[in-house]
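Below, read A as the first sequence line, B as the second, and so on, with proteins coming before strands; counting in each chain starts at 1. These numbers come from the heavy atoms of this one structure, side chains and all, not from hydrogens, waters or symmetry mates.
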Number of protein chains: 2
Amino acid sequence: MASRTDAPTRREQILKEAARLFAERGFHGVGVDEIGAAVGISGPGLYRHFPGKDAMLAELLVGISGQLLTGARRRLAEADGTPASRVLDSLIEGHIDFALDDRPLITLHDRELDRLRDSDRKLVRQLQRQYVELWVQVVRETYPGLTEPAARSAVHSVFGLLNSTPHLGRAGTLPGRGTTAALLHRMARGAFEAAGRE
Amino acid sequence: MASRTDAPTRREQILKEAARLFAERGFHGVGVDEIGAAVGISGPGLYRHFPGKDAMLAELLVGISGQLLTGARRRLAEADGTPASRVLDSLIEGHIDFALDDRPLITLHDRELDRLRDSDRKLVRQLQRQYVELWVQVVRETYPGLTEPAARSAVHSVFGLLNSTPHLGRAGTLPGRGTTAALLHRMARGAFEAAGRE
DNA sequence: CCCTCAGGTTAACGACCGCTAACGTCGCTG
DNA sequence: CAGCGACGTTAGCGGTCGTTAACCTGAGGG
């Protein structure tokens, strides 16, 4: 098994490039030849690593959803006992890290879900739902004024806010990662707080 | 020219159904036969109304961007003289109306832009940029603590928040249009305010 | 009454795409 | 060094897609 510091395996290269291309041009807009070319092999060579094009998308989306949920659970466990407001900050921080570091995946996450086989789609949706539920719980502890449906809507909306990173400066034109992260964090908290004000 | 109260023309039917299908399955994921079937004609009959599939997408995206910009300019003119904070409320209200009433278009707006011919894409981007600039100006008047880049990022992020409506309750499970609109409005203001707090 | 034309129809073409088949070439290992 | 498995290659098949061609029909007007 490859450790995390090894050079990326061919499989990992393929997944990374496929994510970028799918995000740029859409799942149906990218051919297997392009994905192959992006990693220096061509076309059908991909089938030594994946059973098909669908499988690459499936692995990407399941991976994203799983990572988000796992990370959130870890943060929840680590912050056990601290006030809910701190836990919420940790969740926001984790989501922002992800949105800033893996923009193509964030894009895919809510865009290409319907291109999956039924079983994979159900799995991804289940992971997503658990992630949302976890947020809803923490948000309601932090802002008790929120009803459950309102909290759910608020969480989805804040995800929209945090996931807007692909639309911020196309290149490195945005004012530094730390500054952007802090701004997003403040805005997310402000949005939740405003949602909690009756 | 058809007045606004006439029965929808065939062209309008086609655009509406194409928008829905493109939003559901992506531009490349929808065939012309499906679009035709959705309006009761089949396949190549569409070419009596549009020169090609691309033209439908182009007309949709240019239309959206133009409507958003025109609406915002009208609201700005109508609110001339009132405090900037009120103008911002009006902009937010307009954007929310659009996001709630035309969800498929909102989805397309930031998803299929790259599928356009160069000239159309440039036009759409120019309209979008003007819309953003208009918001940035009003936001900075309302919250003078914001630098220009921060205001721009904040505006994009709030668009992400407001455009999250397609992810809220798939059917009529969300708690009434008015309630949702009010929640989104509060959250948007809260996010801007938090962005403005240094 | 015929002509026109808007708005359809079906058939078919060429391009492309996902995938398979058949084959080649290393590097390792008994 | 023989054999083998991992990892490529190119050729090509079958299906789909956007688009065009050719044809049909019904309403309106001189």
Side-chain angles (χ1 to χ4, degrees), chain A residues 1-3 6-61 108 112-121, chain B residues 1-2 6-61 108 111-121:
Chain A
M1 179 201 206
S3 87
D6 281 346
T9 69
R10 182 55 30 116
R11 263 189 128 257
E12 290 165 338
Q13 285 181 50
I14 294 171
L15 284 175
K16 183 181 160 192
E17 294 302 313
R20 184 179 56 80
L21 290 167
F22 289 161
E24 279 174 11
R25 297 213 287 284
F27 179 68
H28 291 297
V30 180
V32 289
D33 289 353
E34 299 179 73
I35 302 174
V39 297
I41 72 183
S42 225
L46 296 171
Y47 288 76
R48 297 286 169 194
H49 305 275
F50 295 92
K53 190 186 166 193
D54 300 349
M56 301 178 205
L57 182 64
E59 186 157 331
L60 285 171
L61 292 185
L108 287 184
E112 307 284 359
L113 182 60
D114 298 322
R115 257 57 88 198
L116 257 48
R117 294 192 354 256
D118 270 24
S119 61
D120 290 324
R121 187 169 54 247
Chain B
M1 180 201 208
D6 280 347
T9 69
R10 182 57 29 117
R11 261 187 130 258
E12 290 165 337
Q13 285 181 49
I14 294 171
L15 283 175
K16 183 181 160 193
E17 294 302 313
R20 183 179 56 81
L21 290 167
F22 289 161
E24 280 174 10
R25 300 212 284 285
F27 179 68
H28 292 296
V30 180
V32 289
D33 289 354
E34 299 178 74
I35 304 173
V39 296
I41 72 182
S42 223
L46 296 170
Y47 287 75
R48 298 287 167 193
H49 304 276
F50 295 91
K53 191 185 167 194
D54 300 348
M56 302 178 205
L57 182 65
E59 186 157 331
L60 285 170
L61 292 185
L108 287 184
R111 186 172 297 195
E112 307 286 359
L113 182 59
D114 298 322
R115 258 57 89 199
L116 259 47
R117 294 191 354 254
D118 271 22
S119 61
D120 288 326
R121 187 170 56 247

**Message:** Side chain of B:Tyr47 only, heavy atoms from C-beta on: which candidate in D:dC7, D:dT20, C:dG18 is closest?
**Reply:** D:dT20

**Beyond-backbone contact of A:Glu112 with A:Leu60, side-chain heavy atoms, under 4.5 angstrom** = no

**Prompt:** Rounded to whole angstroms, how far apart are NE2 on A:His28 and P on D:dG18?
**Reply:** 11 Å

**Item:** Nucleotide D:dC17, atom P - distance to CG of B:Asp54 in whole Å
**Value:** 16 Å

**Item:** Geometric cation-pi criterion, A:Lys53 with A:Phe22: 6.0 Å, 45°
**Value:** no

**Message:** With a 4.5 Å cut-off on side-chain heavy atoms, are A:Arg48 and A:Ile41 touching?
**Reply:** no

**Request:** For the side chain of B:Arg10, starting at C-beta, report the closest nucleotide among C:dG8, D:dG8, C:dC19.
**Result:** C:dG8

**Item:** Value in whole Å for how far the P atom of C:dG18 lies from CG of A:Leu21
**Value:** 12 Å

**Request:** Let me know the distance between CG of A:Leu46 and P of D:dA6, rounded to the nearest Å.
**Result:** 18 Å

**Request:** Specify the separation, in whole Å, of atom NE2 of B:His49 and atom P of C:dT9.
**Result:** 9 Å

**Asked** When all nucleic acid strands are considered with a 4.0 Å heavy-atom cut-off, which category describes B:Gly31: base, sugar-phosphate, or nothing?
**Response** sugar-phosphate

**Asked** Side-chain N or O of B:Arg48 less than 4.0 angstrom from OP1 or OP2 on C:dC5?
**Response** no

**Prompt:** B:Ser42 has a side chain; which of D:dT10, C:dT9, D:dT19 sits nearest to it?
**Reply:** C:dT9

**Request:** Scan A:Val30 against the nucleic acid and name what it touches under 4.0 Å (heavy atoms): base, sugar-phosphate only, or nothing.
**Result:** sugar-phosphate

**Sub-4.5 Å side-chain heavy-atom contact between B:Glu24 and A:Asp114** = no

**Closest non-hydrogen atom pair between A:His49 and A:Gly45, with its separation** = CD2-O, 3.8 Å

**Item:** Whole-Å distance separating the NZ atom of B:Lys53 from the P atom of D:dT16
**Value:** 15 Å

**Request:** Rounded off to whole Å, could you give me the CZ-to-C1' distance for the A:Phe27 and C:dC17 pair?
**Result:** 11 Å

**Message:** Under 4.0 Å, counting only non-hydrogen atoms across every strand here, what does A:Gly52 touch: a base, just sugar-phosphate, or nothing?
**Reply:** sugar-phosphate

**Request:** Please report, rounded to the nearest Å, how far the P atom of C:dG7 is from the CD1 atom of B:Ile14.
**Result:** 10 Å

